[in-house]
Amino acid sequence: QVQLVESGGGLVQAGGSLRLSCVASGHTFSMYAMAWFRQAPGKERGFVAAISWSGGSIYYADSVKGRFTISRANAKNTVYLQMNSLKPEDTAVYYCAVRDGASLAFAEHEYDYWGQGTQVTVSS
């Protein structure tokens, strides 16, 4: 069993920044990729960013490219999402996810464990 806990969400003004953190605990995989998804009000949960085990492969959704940065801690059990130039349309519940495997993926069904989500609200 793997538990994922997100933190760092909150209320921020448009143009501001937030950094989300996700810590994996329990019986984690030897090597695993991590990702962020989000679900805005009235919309389906969608992909935001993913990072491979080594950190050498990264993929971003077009909507956040150039504004968000995903990274991993040296311990490899923590992933961050630095969010800059936030827009009201970034408002959503952000979810951390982990998959068994070192390579990245962007499809929801490819991930094995999910966090409870953290709310990000961007005011205009």
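Annotation: Gln119, atom CD; neighbour count of heavy atoms from other residues, nucleotides and ligands within 6.0 Å is above 12.
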Would Val48 and Leu81 satisfy side chain to side chain contact (heavy atoms under 4.5 Å, CB included), going step by step from the backbone distance to the final call? CA-CA 10 Å; Val48 176; Leu81 186 69; 4.2 Å; yes

Please lay out, stage by stage, how Arg45 and Glu108 fare under the test side chain to side chain contact (heavy atoms under 4.5 Å, CB included). CA-CA 8 Å; Arg45 184 156 63 185; Glu108 183 176 347; 2.6 Å; yes

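Residues Val23 and Glu6 are not in side-chain contact: their nearest non-hydrogen atoms beyond the backbone lie 4.5 Å or more apart. Side chains of Arg38 and Leu20 form no contact here, defined as non-hydrogen atoms less than 4.5 Å apart. Using a 4.5 Å heavy-atom threshold, the side chains of Val79 and Ile51 count as touching. The side-chain heavy atoms of Ile58 and Ile70, taken from C-beta on, include a pair separated by under 4.5 Å. Using a 4.5 Å cut-off on side-chain heavy atoms (C-beta onward), Met34 and Cys96 make contact.
For the residue pair Leu4 and Cys22, the shortest heavy atom distance occurs at CB-SG, 4.0 Å. Residue Leu18 comes nearest to Gly8 through the heavy atom pair CD2-O, 3.8 Å, listed as atom of the first residue, atom of the second, then distance. Minimum heavy-atom separation, Ser17 to Asn84: OG-OD1, 2.8 Å.
Taking the six-membered ring for Trp and the full ring otherwise, the centers of Tyr60 and Phe47 sit at least 6.0 Å from each other.
Ser52 places no side-chain N or O within 3.5 Å of a backbone atom of Ser103 that could act as its donor or acceptor partner. When atom types are taken as modelled, the side chain of Tyr111 and the backbone of Ala105 share a donor-acceptor pair closer than 3.5 angstrom. Proximity of a side-chain donor or acceptor of Thr91 to a complementary backbone N or O of Val122 within less than 3.5 Å is detected. Asp112 places no side-chain N or O within donor-acceptor distance of the main-chain N or O of Arg99, the cut-off being under 3.5 Å.
Cation-pi geometry between Arg72 and Tyr32 is satisfied (NZ or CZ under 6.0 Å from the ring centre, within 45° of the ring normal).
Under a hydrophobic-cluster definition in which Ile, Leu, Val, Met, Phe, Trp and Tyr are linked whenever side-chain heavy atoms come within less than 4.5 Å, directly or via other members, Val98 and Leu104 are assigned to different clusters. Put simply, Tyr95 and Phe106 are part of the same group of oily side chains (I, L, V, M, F, W, Y) that touch within less than 4.5 Å, one to the next. Cluster annotation: Met83 is connected to Val12 through the hydrophobic network of ILVMFWY side chains, with a link wherever side-chain heavy atoms come within less than 4.5 Å.
In this structure, the separation between OG on Ser54 and CE on Met31 is 9.0 Å, given to the nearest 0.5 Å.
Of the listed residues (Phe37, Trp36, Tyr94), just one forms a ring pair (Phe, Tyr, Trp, His ring centres under 6.0 Å) with Trp114, and that residue is Phe37.
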